[in-house]
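Presented below is the structure to which this report refers.
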Amino acid sequence: QVQLVESGGGLVQAGGSLRLSCALSGHTFSSFAMGWFRQAPGKERALVAAITRGGGKTAYADSAKGRFTISRDNAKNTVYLQMNSLKPEDTAVYYCAADLSGPFLTVPVLQQQEYDYWGQGTQVTVSS
C-alpha cells in the first residue's frame with residue numbers, strides 16, 4: 001500500500017523560507033512522477049510544482065516560479081519543495097501526490113486527476 005507523508009510545514013514570516021518533504025513508502029519511489037499542490041481556504045486545490053520520475057524535468061505554477069524549487073532524492077524515497085521569499089498568499093495546505101506513470105512519460109504531470117496517491121497535507125502559514 002502506497003503511503004505519502006508530508007512534513008516541514010509551519011508558521012513563517014513573509015520573506016522567509018520553508019522546505020517541505022514528502023516520503024513515499026510501499027512501492028518503488030522512482031516509478032512515480034511527483035507533484036506538489038496546495039489548497040487555500042475557499043479555493044480549489046491547484047498545482048504548485050511537478051517533477052518527472054528521474055528528476056530531470058520540472059514544472060511550476062506561475063506563482064511559484066523563481067521562488068520555489070521541487071527536487072527529489074530517489075535513494076531516500078523523498079520529494080522536496082523548497083519555498084523561498086514566502087508571501088501571505090502562499091498560505092495553504094500543501095499536498096504531495098504521486099503518479100504511477102509509465103516508463104515512457106518524460107514530462108511532469110500537471111493535472112491533479114492524473115495522480116494516483118495523495119498525502120494528508122501539511123499546513124503552511126505565512127504571516128505579514
Side-chain angles (χ1 to χ4, degrees):
Q1 181 178 358
V2 174
Q3 289 189 322
L4 297 170
V5 179
E6 301 105 332
S7 60
L11 174 64
V12 64
Q13 288 188 331
S17 298
L18 283 174
R19 188 176 82 155
L20 305 183
S21 300
C22 173
L24 184 146
S25 62
H27 206 291
T28 304
F29 180 65
S30 58
S31 298
F32 294 89
M34 300 297 295
W36 284 98
F37 293 78
R38 70 185 183 186
Q39 186 167 22
K43 296 187 177 181
E44 294 187 352
R45 188 165 60 186
L47 176 75
V48 176
I51 190 167
T52 50
R53 299 185 342 159
K57 293 184 180 180
T58 57
Y60 296 90
D62 288 343
S63 59
K65 289 178 181 176
R67 300 188 300 127
F68 294 3
T69 302
I70 188 171
S71 62
R72 65 189 295 160
D73 186 338
N74 284 355
K76 295 183 178 180
N77 296 346
T78 301
V79 62
Y80 304 97
L81 185 68
Q82 177 67 44
M83 304 187 293
N84 299 328
S85 302
L86 283 162
K87 305 174 182 179
E89 51 264 44
D90 294 318
T91 295
V93 177
Y94 284 70
Y95 299 90
C96 72
D99 172 38
L100 189 57
S101 57
F104 304 110
L105 182 64
T106 59
V107 295
V109 179
L110 305 182
Q111 302 299 321
Q112 56 181 301
Q113 59 265 32
E114 298 295 324
Y115 284 87
D116 303 296
Y117 303 97
W118 292 83
Q120 81 288 352
T122 186
Q123 176 70 46
V124 171
T125 302
V126 184
S127 64
S128 57

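The basis for the numbers below is simple: all heavy atoms, side chains too, and nothing from hydrogens, waters or symmetry mates. Values in this document were obtained by computation on a predicted structure and should not be read as measured data.
Hydrophobic clustering (side-chain heavy atoms under 4.5 Å, transitive across Ile, Leu, Val, Met, Phe, Trp, Tyr) groups F68 together with V124. A continuous path of Ile, Leu, Val, Met, Phe, Trp and Tyr side chains, each step under 4.5 Å between heavy atoms, connects V126 with L81, placing both in one hydrophobic cluster. Cluster membership for Y117 and F37, using ILVMFWY side-chain heavy atoms within less than 4.5 angstrom, is not shared. Placement of V93 and V12 in two distinct hydrophobic clusters is found when ILVMFWY residues are connected by side-chain heavy-atom separations under 4.5 Å, directly or transitively. Cluster annotation: V109 is not connected to Y80 through the hydrophobic network of ILVMFWY side chains, with a link wherever side-chain heavy atoms come within less than 4.5 Å.
Q112 contributes a side-chain N or O that, together with a main-chain N or O of R45, makes up a donor-acceptor pair within less than 3.5 Å. No side-chain donor-acceptor contact under 3.5 Å links D99 to the backbone of L110.
By the 4.5 Å heavy-atom criterion applied to side chains, S21 and K76 are not counted as neighbours. Two residues are said to be in side-chain contact when any heavy atoms from C-beta on lie closer than 4.5 Å; T91 and Q123 meet this criterion. Annotation: side chain of F29 is in contact with side chain of R72 (closest heavy-atom distance under 4.5 Å). Residues M83 and R67 have side chains not in contact (no heavy-atom distance under 4.5 Å, counting atoms from C-beta outward).
With rounding to the nearest 0.5 Å, the separation of CE in M34 from OG1 in T78 is 9.0 Å. One finds the NE2 atom of H27 at 12.0 Å from the CG atom of L4 (value rounded to the nearest 0.5 Å). Separation of atoms CD (Q82) and CD1 (I70) is listed at 12.5 Å; rounding is to 0.5 Å. Between atom CZ of residue R53 and atom CD1 of residue I51 there is a gap of 13.0 Å, rounded to the nearest 0.5 Å. Distance OG1/T28 to CG/N74: 10.0 Å, rounded to 0.5 Å. For the atom pair CG of L20 and CH2 of W36, the computed distance is 4.5 Å after rounding to the nearest 0.5 Å.
E6 approaches C96 most closely through the heavy-atom pair OE2-N, 2.8 Å. Contact detail for A50 and Y115: the closest heavy-atom pair is CB-OH, 3.7 Å. Residues G119 and Y95 come closest through the heavy atom pair O-CD2, 3.6 Å. Of all heavy-atom pairs between P108 and T52, the closest is N-CG2, 3.4 Å. Counting all heavy atoms, side chain and backbone alike, L24 lies closest to F32 at CD1-CD1, 3.8 Å. Here the closest non-hydrogen pair linking Y94 and V48 is CE2-CG2, 4.2 Å.
Within a 6.0 Å radius of CD in Q1, other residues, nucleotides and ligands contribute 12 heavy atoms or fewer.
Between K87 and D90 there is no salt bridge, since no side-chain nitrogen of the basic residue lies less than 4.0 Å from a carboxylate oxygen of the acidic one.
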